[in-house]
Amino acid sequence: MTALHDFLIGQSLKNTADPAWLSALRQRAYDRLKNRGLPGAKDEEWRLTRLSELYKQEFTFSTAAETLSLDEVPLTSSAESRLVFVNGAFDAGLSDHHLPDGISIMPFEQAAASEKLALQSFFNGSTPHEPHGFLCANTAFVQSGYVIHIAAKTIVEKPIEIIFVANNQKVAAWHCRNIVIADPLSEASIIERHLVVDNKTSYLSNCVTELHLANGARLNFYKHQHEAEDAYHIGGVYSQQSRDSHLVTNNIALGGKITRNDILAEFVGEGAHCEMNGLSVLSGKQHVDNCTEVIHAKPHCTSDEYYKSVLDDSSRSVFRGRIVVAKDAQKTDANQQNRNLLLSGKAEADTKPQLEIYADDVKCAHGATVGQLDQKSIFYLRSRGIPEEVARALLTFAFASDVVNRFNLPELRQQLSRQLTDQLLKGFLGSIETDDLLMESA
Amino acid sequence: MLSIKNLTVEVDGKEILKNLSLEVGSGEVHAIMGPNGSGKSTLANVLAGRDGYEVTGGSITYLGKDLTELKIEDRAGEGLFLAFQYPVEIPGVSNIAMLKAAVNSLQKYRGEEELSAGEFLKLIKEKAAMVEMKQAFLQRSVNEGFSGGEKKRNEILQMAMLEPTLAVLDETDSGLDIDALKVVASGVNALRSPERSMIIVTHYQRLLDYIQPDFVHVLAEGNIVKTGDRTLALELEERGYSWIEQQVAKG
Ligand SMILES: Nc1ncnc2c1ncn2[C@@H]1O[C@H](COP(=O)(O)OP(=O)(O)OP(=O)(O)O)[C@@H](O)[C@H]1O
Ligand SMILES: [Mg+2]
């Protein structure tokens, strides 16, 4: 077994505040982790993501954070409701929530104890029956996270922002579990950010989010990951959608050393729609693995998946797109696109669509591309006097911002575009402003 | 201004231009006509420096410099502009961003200050009005979803913004209705000056009613086979190209 595994199973499961149902789940997950270990090169779904370096490290518990002021937390928007977690622990001082009626937000530990929320009927309700080691570890050792409950018919106008920030850590690990319960006909947007104060810090953030959408609920969910250079981010977004619900998950990965996300959507009611957008912009030796899965268990559901990555230097992207259409899921309409842009000869993209269709009256389309910038476009821009490297940067920005343009929050679109311009057009920008680069949104 | 001598160009190992010579002086407007596939766009692309167009013989001298030695963007820096026969669509790059990048790159190339946001805005408003292009087009992706006529007008807008010394217009009039044609022609005429030269590739004499050329050349099978004044264009319109081809065959 590995150092990380030993460290994990060496942790105590005792938590006196736990309700009985949670203790039982922890124990079961712990046993499974102990018996089966963490995923390795032999597991098909992990084969292309090498974790041996992570497994060798001697981990410690995350240490209590030094006090942080909100100014030190990068990239916060003007969201009114904000929860902040520092090194995986809830920070009440940095959190601020002016909540409209009909919505409650609280840290996981508080929610678990609340009888009114009945969290046991949601916890692990959207995750697979045969969880992998990291998911087991997340269940076994969950300390905090956020729980959001949006009551029926509540329309939350402003986005809710959750910030996980890493501060001054040396090989620490934490496990957060987030659960969103969207009652019938409710509507909200949630931004989950993973940021770091000082880029020179190393840790493992194991962060799992569950989204439970009741009939007719609408949710726009953003996971914006910009972890430290030496950070491992392993987690996922697991959703379960009831009848006529509408979910958009946006998965943006810009930082981190190795990032692995399991993005799962399961339709358990008819007429539901799920859109999955993904964008990774990587350089150096960064590695992002998105393991996506859409389960069309019911008829008349639609899914639209759009994942893109921009890969510079020796960075690598792994994309898996599994779509399962059950036997009686007739009239399913599933679309999946994965596009990868290689900016360097050493960058690598692996893309693996996996369609399992058991119904006959369905529409399923998928496409995957791995390519370079369009030569004709480069020539066109250069013929207007634009130097080659600027032309390339403009086209790269265009490729990436195409995903950002799909986001429903104008403020976030702006912010991410600005970040992409900094990252991709650094130095070339001159007097070109981000606003000039933005398209009229459709 | 431009001196092409005995130019031979290969594309994919196939000789397209054969021993072509052309002299363009300051302030002159040259029209090039000729059948499909005769090499007109090839000539335009070679001037702009497109990859894959290999000069295997002869020379191109532009403002005293060997043009083939210059990078694509530096040719633009030196005042060369090509309005494409088929402008590419560039999803995600807005017209305004491209124009700003282009204008400022040229300023930089010439060692001049970049335009301020205000100056740029003033300039683009003026030029967009000239080609009757709505402001909304500026915020759209370059040529994406533009109609044929809108694409051509966009080329003229770019030309007006970049104020080239030598403009090559490759069938900018093709597919335009008469109103759009007038807009394009007035855009071109507004730029005419004793310091600025133009090469206008067209199939239609009609354009030359609006933009009066000093010379008309006929390009056939990779070479200029006849040169005349604007009456040649009228004659071509009436009689087609075959009589010239016959003349050439007879020697
Ligand atoms: N990439 C290429 N590979 C091989 N042949 C090419 C290539 N590009 C052009 N050609 C050939 O070169 C010749 C000249 O083409 P060109 O586009 O210059 O003609 P043109 O005079 O502009 O015609 P049109 O009036 O139709 O625009 C044609 O026979 C064409 O098929
Ligand atoms: Mg042509």
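Letters A, B, ... are given to chains in the order of the sequence lines, protein chains preceding strands, and every chain is numbered from 1.
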### Task
Write down the atom of B/I90, the atom of B/S141, and the distance for their closest heavy-atom approach.
O-CB, 3.6 Å
### Query
Quick one: what part of A/I386 sits under 4.5 Å from any heavy atom of chain B, side chain, backbone, both or neither?
both
### Query
Can you find a side-chain donor-acceptor pair between B/E195 and B/S26 that sits under 3.5 Å?
no
Taking distance alone, no hydrogens or angles, what donor-acceptor pairs closer than 3.5 Å link side-chain atoms of residues 343-351 of chain A to residues at least two apart or in another chain?
residue	atom	partner	partner atom	Å
A/S344	OG	A/D313	O	2.6
A/S344	OG	A/K346	N	2.9
A/S344	OG	A/A347	N	3.4
A/E348	OE2	A/R316	NH2	3.4
A/D350	OD2	A/R316	NE	3.2
A/D350	OD2	A/R316	NH2	2.8
A/T351	OG1	A/N338	OD1	2.7

### Message
Among B/A76, B/S105, B/P164, which residue has the highest count of heavy-atom pairs closer than 4.5 Å to chain A?
### Response
B/S105
#### Entry: Contact winner vs chain B - A/P387, A/A391, A/A400, heavy-atom pairs under 4.5 Å
A/P387
### Query
Quick check: does any side chain N or O of B/R153 sit under 3.5 Å from a backbone N or O of B/A180, one acting as donor and the other as acceptor?
no
### Query
Which bit of B/R50 comes within less than 4.5 Å of chain A, counting heavy atoms only: side chain, backbone, both or neither?
both
### Message
Quick check for you: among B/M161, B/E78, B/K71, B/Q158, which has the greatest number of heavy-atom pairs under 4.5 Å with chain A?
### Response
B/Q158
### side chain to side chain donor-acceptor pair (under 3.5 Å) evaluation trace for B/S94 with B/Q139
CA-CA 5 Å; B/S94 71; B/Q139 222 57 55; 4.8 Å; no
### Message
Any salt bridge linking B/E54 with B/K14? Criterion: basic side-chain nitrogen under 4.0 Å from a carboxylate oxygen.
### Response
no
### Message
With a 4.5 angstrom heavy-atom cut-off, is it the side chain or the backbone of B/L162 that approaches chain A, or both, or neither?
### Response
side chain
#### Entry: residues 57-69 of chain B: residues contacting chain A (heavy atom under 4.5 Å, by number)
none
### Task
Please report the closest heavy-atom contact between A/F319 and A/E305, naming both atoms and the distance.
CZ-OE2, 3.4 Å
### Which portion of B/V142 sits near chain A, non-hydrogen atoms under 4.5 angstrom
side chain
### Query
Is A/R193 salt-bridged to A/E161, cutoff N-O under 4.0 Å?
yes
### Donor-acceptor contact below 3.5 Å, side chain B/S147 vs main chain B/E150
yes
### Message
What part of B/Y109 gets within 4.5 angstrom of chain A, counting heavy atoms only: side chain, backbone, both, or neither?
### Response
neither
#### Entry: Lys/Arg-Asp/Glu bridge criterion (N-O < 4.0 Å) met for A/E411, A/K158
no
